[in-house]
Every structure is written in structure tokens, then in C-alpha cells.
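In what follows, a structure is listed as C-alpha cells, so that the remarks can point back to it.
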Amino acid sequence: MKKLAVIFGTRPDTIKLAPLILELQKHPQFFTLVTIATAQHRTMLDDVLSVFGIAPDYDLNVMSEKQSLSVLTQSLMAKLDEVLGKEKPDMVIVQGDTATTFTASLCAFYHRIPVVHIEAGLRTKDKYYPFPEEIFRRLTTHTSDIHCTPTAKASKDLMKEGIKKEAIYCTGNTVIDALQIVLRKKKIADDPVLERILLEEKKIVVVTTHRRENWGEPMKNVCEALHHLASGFPDINFVFPVHLNPVVREVVQPVLSGIGNVHLIDPLKYSDFAHLLSRSYFVISDSGGLQEEAPSLGVPVLVVRTITERPEAVRYGAVKLVGTDRKKIVVYAEKLLTGKKFYRTMSRAVNPYGDGKASERIVSALLYYFGFSKKRMKEFTPRAVQQ
Ligand code: UD1
Ligand code: UDP
């Protein structure tokens with residue numbers, strides 16, 4: 001029997017670890033789980049936990065208003081140190097590229113506990129982009145013992161950095177597992193405002209933005225582009241669940257409040273957001289997760305960034321990097337809204353990131369690592385195009 005500590009703290013890492021927690025719970029003969037929420041996010045984390053019915057064993061409650069990276073890192077380290085010292089797990093599991101991911105993996109290393117890194121190997125190779133996530137992800141690679149990658153490219157990139165092939169498992173991304181779990185459930189939105197929007201016959205464009213590189217002027221440009229699009233296309237509903245970070249809200253609200261067809265709403269529960277996404281015409285976003293989810297639903301994404309650590313869907317044509325230039329965003333959004341051929345090309349559903357079985361593969365990798373199974377898992381290979 002092995003004790004596994006699963007550590008998460010923000011909306012995206014929790015969405016992506018939830019299916020794995022549910023899968024690990026199916027193997028009580030091999031694993032005991034200790035689930036540790038750092039609560040780097042609060043409401044946005046609690047919403048995800050409620051959707052998947054997960055009640056963490058520990059809640060470190062580290063979020064504070066506009067927390068700086070240094071203060072956040074400090075308080076995460078101190079609190080994780082205490083829990084890992086007390087629980088002494090046989091392994092720590094982290095996901096992605098957040099402050100929680102990095103500090104948990106570093107703290108595990110200090111305690112000489114092996115680390116599994118989920119969604120390993122994504123790189124832009126620019127240390128400031130995304131900031132600070134590129135560095136968090138790279139550093140987590142070097143404190144980790146098992147690297148679960150979403151794609152063959154990520155596996156190759158890890159090998160180029162000297163990570164041994166035997167330690168890399170291409171599992172696909174658990175975000176597709178999460179998406180499939182919530183989309184299998186009910187179709188009615190919990191949020192009444194969203195439900196009303198969904199009942200209208202109008203096309204929906206979903207917008208999200210939160211990246212630190214876009215704080216200030218770039219984010220303002222995105223909002224101004226949206227303002228322009230909303231007046232040019234009054235029959236389109238633009239739905240913008242605004243991140244709870246006050247730095248984001250301070251930019252978004254002054255430019256976009258009070259426009260009839262721009263719906264500035266609070267972040268949605270993952271189940272509601274997934275349904276919104278599946279009903280939307282296209283997405284404008286700087287989110288990492290959305291670049292993975294939307295293509296699998298055949299929903300084009302205009303990414304308001306100039307570089308991405310997720311190039312696979314760009315290569316398939318489902319995602320376009322448009323940057324944060326106001327005019328460029330408008331040009332591409334108008335092309336999607338008016339150009340049928342352009343829309344058709346971008347909206348072919350592709351699934352380079354997963355097939356809904358990533359969590360099963362990760363469990364199989366862990367059983368193999370601990371010697372509970374002699375069979376190494378079969379690597380994930382994407383089906384190129386799905387319709
Ligand atoms: C963080 C992650 C980023 C991830 C993003 C996903 C770090 C350094 N950054 O972004 O990698 O892509 O989450 O959303 O790990 N807040 C609330 N309630 C919440 C959540 C946030 O009020 O439920 C506010 C707080 O004032 C908080 C601020 O948002 O201080 C920023 O939180 P933080 O975790 O630093 O978020 P980001 O760095 O923006
Ligand atoms: N998401 C959500 N509610 C929302 C907006 C997004 O549940 O109102 C989900 C989305 O489906 C994706 C994840 O949150 O799985 C992305 O989180 P975010 O953009 O905050 O982080 P990133 O992926 O950029 O790290």
C-alpha cells in the first residue's frame with residue numbers, strides 16, 4: 001500500500017487533477033490518498049471541488065488579496081512543509097505550471113519524496129513567457145521522477161533536456177477526461193444568467209483573459225477589440241466570465257460594462273463553463289486550458305498571445321495566435337463571423353491533447369512504478385481528426 005499526496009490549488013490544476021483523484025480512488029487496495037488544497041485560489045477552487053465532489057483532507061487557505069509571487073511562494077512553502085512532514089507520503093503528485101505546482105514539487109524534493117508531474121514537457125523556451133509559468137514548469141521537471149506528458153512533442157522536448165525515456169509516460173491531458181466527465185452530465189446551467197443566454201438562439205463568442213503578461217495595456221486592447229466587435233455584431237452574444245483577480249477586473253470592467261450584448265459575468269462553475277463552451281461559436285482567450293478543450297469540441301480559438309507552449313492545435317489549424325493588437329483581433333474575429341470557409345477550416349474538431357483516458361494511463365504508470373503491475377502502459381497517440 002502506498003500513500004499518495006495529490007496537491008492542487010488553482011482552478012486549472014484542480015480541474016486537471018480531479019479526474020485522476022477519482023480514478024485513483026478506484027484502487028484502494030494499492031493506494032491511500034491524501035488530498036491537499038493549497039487554496040491559492042478560493043472561490044474558483046471551491047467551485048471545481050464541488051463539481052467533482054472532492055473534499056480535500058487539507059485546506060491550506062493561502063489566498064490573499066492581490067498576493068505577490070514572493071509572498072505566495074513563501075506561504076505555500078511554509079504550509080506544505082508542515083503537511084508533508086506530518087503525512088510523509090510515498091509520492092507527491094502535482095499538475096501543470098502554477099506556484100502551487102512548483103512549490104509542492106520543491107518541498108517534496110526537500111523531503112526526498114518522489115514527484116509525479118502531470119502535464120509535463122510544455123515549453124515556449126522563453127523564460128518570461130508565460131510568466132512565471134514557463135519557469136515553474138521547467139523547474140518542476142527537474143524535481144520530478146515521473147513525467148506524464150500530454151503529447152509526443154512534450155515527451156521529445158523532455159528527452160532533449162536530458163530526462164530519461166523510461167521516466168516519461170505520454171498519457172494525454174487529463175483536461176479531456178474532465179471535460180468528458182462534466183459534459184456527460186446534465187445540460188441545464190446552474191447559473192440562471194447563463195441559462196438565459198444559452199436559451200437565446202444567438203451565436204455565442206466566449207472570452208476569457210487573465211495572463212500576467214497581458215495585465216494592463218495588452219488586456220485593455222483585447223477589451224477594446226471586443227467593444228468594437230460587439231457594436232459591429234449586435235446579434236452575437238459575447239460571454240465573458242471575468243477572472244476574480246482584481247487586476248483583471250480593474251481593466252475589463254471600465255471598457256466593457258453596460259454593453260447590451262457583452263455579458264460580463266463571474267467565473268462559471270466548470271460544468272456550466274463546459275456547456276457554454278460546447279455551445280459557443282468561437283473563443284477569444286489567453287487561457288492555457290481553453291486551447292486544449294475548445295479544439296476537442298470543434299470550437300475555434302483566437303489566442304491573444306504571441307507564443308504558446310501548446311503548439312499542437314495551432315498546427316492542426318484549430319487555434320490561431322493573434323496577439324494583443326486590437327486591429328488584428330478584430331480582423332480575425334470578423335473573418336470567423338463572416339467567412340464560412342475560414343470558419344469551417346478552423347472548426348474541425350481535433351484532439352491532439354487527449355482521448356479521455358489520461359487518468360487511467362497515469363494510474364497504470366504508477367502501478368508499474370511501484371511494482372504492482374509488470375506491464376508498462378501503452379502511450380497515448382492522438383487520432384488526427386474527429387468529427
Ligand atoms: C494563477 C496562476 C496561473 C494560472 C491562473 C489560472 C500562479 C503564479 N499563477 O494566476 O498560472 O494560469 O491562476 O487562473 O500560480 N482571486 C480571488 N478569488 C479566487 C481566485 C483569485 O479573489 O478564487 C484573486 C486574489 O486577489 C488573488 C488574485 O486573484 O490574489 C490572483 O491570484 P493568483 O493565484 O496569484 O493568480 P494568477 O497569478 O493571476
Ligand atoms: N473555466 C471555468 N470557468 C470559467 C472559465 C474557465 O471553469 O468561468 C475553466 C476552463 O474550462 C479551463 C480552465 O478553467 O479548464 C482554465 O483556467 P484558466 O484560464 O484560469 O487557467 P489556465 O488554463 O490559463 O492556466
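Both ligands and their constituent atoms are indexed starting at 1 by order of listing.
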| said: Considering non-hydrogen atoms of the protein only, which is the closest contact for atom 8 (O) of ligand 2, and what is the distance? | reply: L268 N, 2.8 Å
| said: Under a 3.5 Å cutoff, is there a donor and acceptor pairing between the side chains of E134 and T124? | reply: yes
| request: Report, in ascending order of atom number, the atoms of ligand 2 lying under 4.0 Å from any heavy atom of P241. | output: 8 (O)
| request: Would you check if the side chain of N221 reaches a backbone N or O of D325 as a donor-acceptor pair within less than 3.5 Å? | output: no
| request: Report yes or no: does T174 contribute a side-chain atom to a donor-acceptor pair with the main-chain N or O of D177 at less than 3.5 Å? | output: no
| query | Is the backbone N or O of P254 less than 3.5 Å from a side-chain atom of S257, with the two atoms forming a donor-acceptor pair by type? | reply | no
| note | protein heavy-atom neighbour closest to atom 1 (N) of ligand 2 works out as F273 CD2, 3.6 Å
| What protein heavy atom is closest to atom 19 (O) of ligand 2, reported as residue, atom name and distance in Å? | S287 OG, 2.8 Å
| remark: atom 23 (O) of ligand 2 sits nearest the protein heavy atom G289 N, 2.7 Å
| query | Can a non-hydrogen atom of R211 be found less than 4.0 Å from any atom of ligand 2? | reply | yes
| request: Establish, for the pair R376 and Y169, whether the NZ or CZ atom is under 6.0 angstrom from the six-membered ring centre and no further than 45 degrees off its axis. | output: yes
| remark: In terms of its nearest heavy atom to atom 18 (P) of ligand 2, the top option of E292, E293, H210, R310 is H210
| said: Looking only at distances, can you tell me whether any N or O atom of G288, backbone or side chain, sits closer than 3.5 Å to an N or O atom of ligand 2? | reply: yes
| Do D266 and ligand 2 have an N or O pair less than 3.5 Å apart? | no
| request: Would you indicate whether E250, at its atom CD, is surrounded by more than 12 heavy atoms from other residues, nucleotides or ligands within a distance under 6.0 Å? | output: yes
| task | Look only at interatomic distance and state if R11 has a nitrogen or oxygen under 3.5 Å from any nitrogen or oxygen of ligand 2. | result | yes
| query | Is any N or O atom of K16, backbone or side chain, closer than 3.5 Å to an N or O atom of ligand 2? | reply | no
| Please walk me through it: do H142 and H117 pass ring pair (Phe, Tyr, Trp, His ring centres under 6.0 Å)? | CA-CA 10 Å; H142 295 284; H117 187 199; over 10 Å; no
| message | Within the 4.0 Å heavy-atom shell around Y270, which atoms of ligand 2 are there? | response | 7 (O), 11 (O), 15 (O)
| request: Take atom NZ of K156 as the centre, draw a 6.0 Å sphere, and report whether it contains more than 12 heavy atoms from other residues, nucleotides or ligands. | output: no
| message | I'd like to check the ring pair (Phe, Tyr, Trp, His ring centres under 6.0 Å) partners of Y343; sequence neighbours left out, ordered by chain and number. | response | Y281
Quick check on ligand 1: any N or O pairs to the protein under 3.5 Å? One line per pair.
residue  : atom   : partner : partner atom : Å
ligand 1 : 11 (O) : E133    : OE2          : 2.5
ligand 1 : 12 (O) : R211    : NH2          : 3.4
ligand 1 : 13 (O) : H41     : NE2          : 3.1
ligand 1 : 14 (O) : H243    : NE2          : 2.8
ligand 1 : 15 (O) : Q40     : NE2          : 2.7
ligand 1 : 15 (O) : A99     : N            : 2.8
ligand 1 : 23 (O) : R42     : N            : 3.1
ligand 1 : 23 (O) : T43     : N            : 3.1
ligand 1 : 23 (O) : M44     : N            : 3.0
ligand 1 : 26 (O) : K66     : N            : 2.9
ligand 1 : 30 (O) : S64     : O            : 2.7
ligand 1 : 30 (O) : K66     : N            : 2.9
ligand 1 : 30 (O) : Q67     : N            : 2.9
ligand 1 : 32 (O) : Q67     : NE2          : 3.4
ligand 1 : 34 (O) : Q40     : NE2          : 2.9
ligand 1 : 34 (O) : H41     : NE2          : 3.3
ligand 1 : 34 (O) : Q67     : NE2          : 3.3
ligand 1 : 35 (O) : R212    : NH2          : 3.1
ligand 1 : 38 (O) : R212    : NE           : 2.9
ligand 1 : 38 (O) : R212    : NH2          : 2.8
ligand 1 : 39 (O) : N245    : ND2          : 3.1

| message | Please list the nearest protein heavy atom to atom 13 (C) of ligand 2 with its residue and the distance rounded to 0.1 Å. | response | I15 CD1, 3.8 Å
| query | Is the side chain of E119 donor-acceptor paired with the backbone N or O of T149 at a distance under 3.5 Å, no angle test? | reply | no
| field | ligand 2 N/O within reach of P12 N/O, cut-off under 3.5 Å | value | no
| query | Got a sec: does the CZ of F109 have more than 12 other heavy atoms crowding it under 6.0 Å? | reply | no
| message | Quick one about N237 and N261 (side-chain donor to acceptor, distance below 3.5 Å, no hydrogens or angles considered), yes or no? | response | no
| request: Could you tell me whether H228 atom NE2 has more than 12 heavy atoms of other residues or ligands within 6.0 Å of it? | output: no
